[in-house]
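Everything numeric in this text was worked out from a predicted model, so none of it was measured.
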Amino acid sequence: MKQRLRDQIRGLDPVRDHQRIVYLDVCFEFPFDTTRALEFALFRTYCVPGISALLDRSGEFGRCPQKRYDDTDLIISEMMEWGYDSARGSAALARMNRIHSHFRIANEDFLYVLSTFVFEPIRWNARFGWRTMCEQERLALFYFWREVGTRMGIREIPESCAAFERYNVEYERTHFMFAESNRRIGSATRELFASWFPALLRPAVRHVIYALLDEPVRHAFDFPKPLPGLRATVVGALRLRALALRFMPARRQPRLRTQMTHPSYPAGYRLEQIGPPYMTQAESPPSDPQA
């Protein structure tokens, strides 16, 4: 089964079939890894003072960090699981564009955030994946998010995956720096992730997060150094997990985050509920939850 799915992906065209490839990777091949990679991609975007200051001013991270996370998770999942040009995916994209329209966001910042959705899953996979992504999978992520970016109205998206990665690396080199807004948003996100675990484990979770952040990111938040030896332990544990997964049966049913229960929406959700309070309060309450 695993080999058949891998052969199917390798037989697809990353330009024409990128939505199908992304679906297979996100829902069958790398569901856990994609979620964790995109969570740590969020941390990277908060290392840019212009981005973190905008988020800090909104106040959402202080008031409702779990809803902010769930909203982002669900919009991204709607597009990746159903395709950006499906009825659900295009509605999620329209909702995201409407939310963004309330803020003044520089095109270069939009470009950078978009680039993290391409390259952080690729980089996480290279470190911790149970198998290495093939070229079709890496290019599919680029073409998928490039098309989403075009539909968001983002300008000057590089024409090639290599050029986009150069943009990503150079942007981080010139824009990552410490700011108090970074610290506030980064700390709120760290505490949100820690809150998913029993209170006794939360100090350890914080240290695991520090261990998984690279030095430019850690410095941009002024987070403490990882405990001695912890980074090697965490990396070793994730690689051991990857090794074990190689011998496990292939997933037979898709893992769909859009059909899971989310803390902010225990009875299900509708797109009208996604977004900051001033948007959701101005709209009619949903009559039926979306599964």
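Looking at M152 and H100, their side chains come closer than 4.5 Å, going by heavy atoms from C-beta outward. Annotation: side chain of L238 is in contact with side chain of L212 (closest heavy-atom distance under 4.5 Å). Contact check for I274 versus I99: side-chain heavy atoms found under the 4.5 Å cut-off.
The environment of E156 atom CD is sparse: at most 12 non-hydrogen atoms of other residues, nucleotides or ligands sit within 6.0 angstrom. Atom CZ of R155 has 12 or fewer heavy atoms from other residues, nucleotides or ligands within 6.0 Å. A 6.0 Å sphere centred on CG of L200 holds no more than 12 heavy atoms belonging to other residues, nucleotides or ligands.
L24 and W145 are assigned to two separate hydrophobic clusters, defined by single-linkage of ILVMFWY side chains at heavy-atom distances under 4.5 Å. One hydrophobic cluster, built from ILVMFWY side chains closer than 4.5 Å, cannot hold both L271 and W82; they sit in different ones. F119 and L141 fall within a single hydrophobic cluster, where Ile, Leu, Val, Met, Phe, Trp and Tyr are joined by side-chain heavy atoms under 4.5 Å apart, directly or via other members. F40 is connected to W196 through a chain of hydrophobic side-chain contacts under 4.5 Å among Ile, Leu, Val, Met, Phe, Trp and Tyr, so both are in one cluster. Criterion: ILVMFWY side-chain heavy atoms under 4.5 Å apart, direct or through other members. Under it, V169 and L111 are not part of a common hydrophobic cluster.
Looking only at atom types and distance, the side chain of E108 has no donor-acceptor partner in the side chain of Y167 under 3.5 Å away. If you check the side chains of T150 and R146, you find no donor sitting under 3.5 Å from an acceptor. With 3.5 Å as the limit, one finds a donor-acceptor pair spanning the side chains of Y84 and H18. Donor-acceptor pairing under 3.5 Å is lacking for the side chains of D56 and S181.
The aromatic rings of W130 and F30 sit tilted, their planes meeting at an angle between 30° and 60°. Below 30°, between 30° and 60°, or above 60°: for Y269 and Y265 the angle between ring planes is between 30° and 60°, a tilted geometry. Taking the six-membered ring where tryptophan is involved, the planes of Y210 and F223 are tilted, since the angle between them lies from 30° to 60°.
With hydrogens and angles ignored, the 3.5 Å screen pairs no side-chain donor or acceptor of R138 with any backbone N or O of I122. With hydrogens and angles ignored, the 3.5 Å screen pairs a side-chain donor or acceptor of D214 with a backbone N or O of V217.
Under the salt bridge (Lys or Arg N to Asp or Glu O under 4.0 Å) criterion, D85 pairs with no residue, sequence neighbours left out. For W124, the side-chain hydrogen bond (donor to acceptor under 3.5 Å, both in side chains) partners two or more places apart in sequence, or in a different chain, are D33.
Ion pairing between E81 and R88 fails under the 4.0 Å rule for side-chain N and carboxylate O. Salt bridge status for E172 with R44: present, with a side-chain N to carboxylate O gap under 4.0 Å. By the 4.0 Å N-to-carboxylate-O rule, R173 lies close enough to E170 to be salt-bridged with it. Between R190 and E39 there is no salt bridge, since no side-chain nitrogen of the basic residue lies less than 4.0 Å from a carboxylate oxygen of the acidic one. Salt bridge annotation for R131-E29: present, with a cationic side-chain nitrogen under 4.0 angstrom from a carboxylate oxygen.
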